[in-house]
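Report on the structure given below.
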Amino acid sequence: MPNATKIWLTSKGGCVVAHNKSQIPQNKLNDLLEAIQAQFFYICQRWMKAFAVETIKFYC
């Protein structure tokens, strides 16, 4: 989706906004980032299971 907001997980357990093309208001975006960080390990676990990999390569 070309106009979707893109959030990347970081290797240290956080996340960063790559871009906010869907223009989510900053207060809502902050809430999303907080929720994503709180679920970091669960998201990573599900990613590895979905893509049948044992490790994840992080951009940063």
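Just so it is clear, the values below take in all heavy atoms, side chains as well, and ignore hydrogens, waters and symmetry mates. Bear in mind that the values here come from a model prediction, so they are computed numbers and not experimental data.
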Side-chain atoms of residues 6-18: list all donor-acceptor pairs with protein atoms under 3.5 Å, sequence neighbours left out, distances to 0.1 Å.
from	atom 1	to	atom 2	distance (Å)
Thr10	OG1	Gly14	N	3.0
Thr10	OG1	Gly14	O	3.3
Ser11	OG	Cys60	O	3.4

Distance-only donor-acceptor pairs under 3.5 Å for side chains of residues 47-58, two or more places apart:
none

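Every pair passing side-chain hydrogen bond (donor to acceptor under 3.5 Å, both in side chains) that includes a residue from residues 20-32 is listed here, sequence neighbours excluded: Thr5-Asn20, Thr5-Ser22, Gln26-Asn30.
The main-chain N or O of Ala4 is found under 3.5 Å from a side-chain atom of His19 such that the two form a donor-acceptor pair.
Under the rule for a side chain to side chain contact (heavy atoms under 4.5 Å, CB included), the partners of Gln45 that lie at least two apart in sequence or sit in another chain are Tyr42. Among residues two or more places apart in sequence or in another chain, the ring-ring contact (aromatic ring centres under 6.0 Å, His included) test is passed with Phe41 by none.
Other residues, nucleotides and ligands place no more than 12 heavy atoms under 6.0 Å from the CD atom of Glu34.
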